[in-house]
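What follows is a set of notes on a single structure, which appears directly below.
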Amino acid sequence: MRILGIETSCDETAIGVVEDGRKLLSSVVSSQVELHARYGGIVPEVASRQHVLAMLPIYRQALERAGVAARDLDAIAVTRGPGLAGSLLVGLNFAKGLALALGLPLVGVNHLEGHVYAQWLEAGADPADQPGFPLVILLVSGGHTEILLMEEHGRYKLLGMTRDDSAGEAFDKAARELGLGFPGGPEIQRVAAGVPVTERFTSPMLRDGTLDFSFSGLKTALLHRARAAQRAPVPALAAGFQRAVVDVLVAKALDAVERNNARGLLVGGGVAANALLREEARRRCPVPVFIPRPALCTDNGSMIAAAAFFMLQAGLPPPNVILDTDATPNLRLG
Ligand code: KG4
Ligand code: ZN
């Protein structure tokens, strides 16, 4: 079964084609990052307009790279939330038009579930490579930071979440404070690479017994140190900040694994592209750790197509929902 997945929840116009939920045929991502960089963050109206411009060329490229014609598709999948309302609507309306014109089912996908299923694109055909349940999910993106327990395909329990900023937001705001570019995560990682941690920051809520997070205090601590008269060099501040974020993410994920006797840990979302986080999770976790390659951690359409395959296998969604599928900007998982 070939599914075309469309992702426009934020600032990437992305379309991918996936066969049977696991085989990546193409993944084309058009990032708007240059467009928003001058504002230091995403401007929703600019994002929506850019999605409109990019959609058709990206669609054509995704089919071409996959070596597939539109008539060879079996379903259209699209992110229906969470995300920016205007951006979601562009993808959703394009998807509805396609589904109606091609006579195909439309599957509305939760973006966060897409980040989870990015891992199945790595798993290959061998079931032994695939994560077993129960599986702890550390979901770290620009919009979300959550720990979930995935009990089986499509069934999630929310175990903990951030009380303020997401981990991605923390990276983005820290980078801005340090005069680095946007998005901040890759920039912090770049300047911190190979720099020893001499500037120590306290990881927030590290030992509070919950699986929740809070990053706004850490951001303020960085701000004070970055503005101090005797400020440490930017690479030292970036390295210390990155370490504090990664330490608390990994500690809480491991705690969740232990408390739930999980068979594995899956790390997903844009921040899962972070090299230190990947390394520390793998080094410290006693059960198998699954992290998609960095290009599949950040937003892409193939993860939406992969998630849709498993939804269809589970008998979701009911047929004839094309015109009823709506954008849900605050959609939740678990
Ligand atoms: O999942 P994603 O692509 O978009 C959302 O769904 O929000 O995540 C984007 C976030 C941004 O905040 C970005 O700074 C962060 O992921 N990010 C990283 C890295 N690459 C992207 N954070 C830390 N290290 C990275 N290498
Ligand atoms: Zn995302």
Side-chain angles (χ1 to χ4, degrees), residues 5-14 16 27 29-33 36-37 40-42 44 47 51 78-84 87-88 91 109-119 137-146 161-162 164-178 180-193 213 215 218-219 238-239 241-250 266-281 291-304 306-307 329-333:
I6 300 170
E7 156 58 39
T8 61
S9 67
C10 194
D11 63 337
E12 258 98 29
T13 317
S27 179
V29 180
S30 164
S31 171
Q32 306 178 358
V33 69
H36 299 285
I42 293 152
H51 285 308
V78 62
T79 303
R80 69 183 182 97
L84 302 169
S87 292
L88 289 168
V109 175
N110 184 319
H111 177 80
L112 303 175
E113 196 162 13
H115 278 304
V116 171
Y117 278 96
Q119 177 58 37
I137 314 275
L138 173 64
L139 202 101
V140 276
S141 71
H144 294 81
T145 293
E146 299 177 352
M161 62 190 290
T162 183
D164 40 55
D165 292 346
S166 71
E169 245 176 315
F171 273 114
D172 293 340
K173 288 177 178 171
R176 194 182 321 168
E177 189 55 40
L178 295 176
L180 302 169
F182 174 83
E187 286 292 294
I188 299 252
Q189 174 175 319
R190 182 178 61 79
V191 300
F213 300 95
F215 292 106
L218 185 59
K219 178 191 67 193
F241 180 84
Q242 176 177 249
R243 169 56 71 172
V245 173
V246 166
D247 276 351
V248 69
L249 291 175
V250 173
L266 189 157
V267 190
V271 180
N274 184 268
L276 183 68
L277 175 58
R278 302 168 76 88
E279 188 186 312
E280 286 295 289
I291 318 177
R293 77 192 89 148
L296 291 178
C297 286
T298 47
D299 290 350
N300 64 87
S302 56
M303 70 184 196
I304 302 303
N330 55 359
L331 188 64
R332 305 181 57 143
L333 193 62

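We count ligands from 1, going down the list as the structure has it; atoms in each ligand are counted the same way.
- Considering backbone and side-chain atoms alike, Gly143 places an N or O below 3.5 Å from some N or O of ligand 1.
- Considering both main-chain and side-chain atoms, Glu12 never comes within under 3.5 Å of ligand 1 through any nitrogen or oxygen pair.
- For atom 23 (C) of ligand 1, the closest non-hydrogen atom on the protein side is Gly185 CA, 3.4 Å.
- Inclusion of Gln189 in the set of residues having an N or O under 3.5 Å from an N or O of ligand 1 is warranted.
- In summary, the atoms of ligand 1 found under 4.0 Å from a heavy atom of His115, numbered by their order in the structure, are 1 (O), 6 (O).
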Please evaluate residues Asp172 and Arg176 with respect to the criterion salt bridge (charged side-chain N to carboxylate O under 4.0 Å, His left out), reporting the C-alpha separation (whole Å), side-chain torsions for both, the decisive distance (0.1 Å), and the verdict.
CA-CA 6 Å; Asp172 293 340; Arg176 194 182 321 168; over 6 Å; no
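- Note: Phe215 and Phe213 have parallel aromatic rings, judged against thresholds of 30 and 60 degrees for the angle between ring planes.
- Under 4.0 angstrom from ligand 1, there are no non-hydrogen atoms of His144.
- Closest heavy-atom approach to atom 12 (O) of ligand 1 among the candidates Asn274, Leu139, Asp11, Asp172: Asp172.
- In this structure, Phe241 and Ala170 approach most closely via the heavy-atom pair CZ-O, 3.6 Å.
- Protein heavy atom nearest atom 4 (O) of ligand 1, with residue, atom name and distance: Asp299 OD2, 3.1 Å.
- With a 4.5 Å cut-off on side-chain heavy atoms, Thr79 and Thr8 do not count as touching.
- Protein-derived N/O/S atoms nearer than 2.8 Å to the Zn ion (ligand 2) total 3, waters excluded.
- Minimum interatomic distance between Ile304 and Gly114 (heavy atoms only, all atoms of both residues): CD1-CA, 4.1 Å.
- A donor atom on one side chain and an acceptor atom on the other are found under 3.5 Å apart for Ser9 and Glu7.
- The two residues Cys297 and Ile291 make their nearest non-hydrogen contact at SG-CG2, 4.2 Å.
- For ligand 1, the atoms lying closer than 4.0 Å to a non-hydrogen atom of Ala273 are 20 (N), 26 (N).
- Some N or O of Gly168 is nearer than 3.5 Å to an N or O of ligand 1, by distance alone.
- Considering backbone and side-chain N/O atoms, Gly270 comes within less than 3.5 Å of an N/O atom of ligand 1.
- Ligand 1 lies out of reach of Gln242, whose nearest heavy atom is not under 4.0 Å from it.
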Verify salt bridge (charged side-chain N to carboxylate O under 4.0 Å, His left out) between Arg332 and Glu146, making sure each step is shown before the conclusion.
CA-CA 11 Å; Arg332 305 181 57 143; Glu146 299 177 352; 5.7 Å; no
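- Among Leu112, Val271, Leu277, the residue whose heavy atom sits closest to atom 15 (C) of ligand 1 is Val271.
- Near His111, with a cut-off below 4.0 Å to any heavy atom, the atoms of ligand 1 are 6 (O).
- The shortest contact between atom 7 (O) of ligand 1 and any protein heavy atom is with Gly142 N, 2.8 Å.
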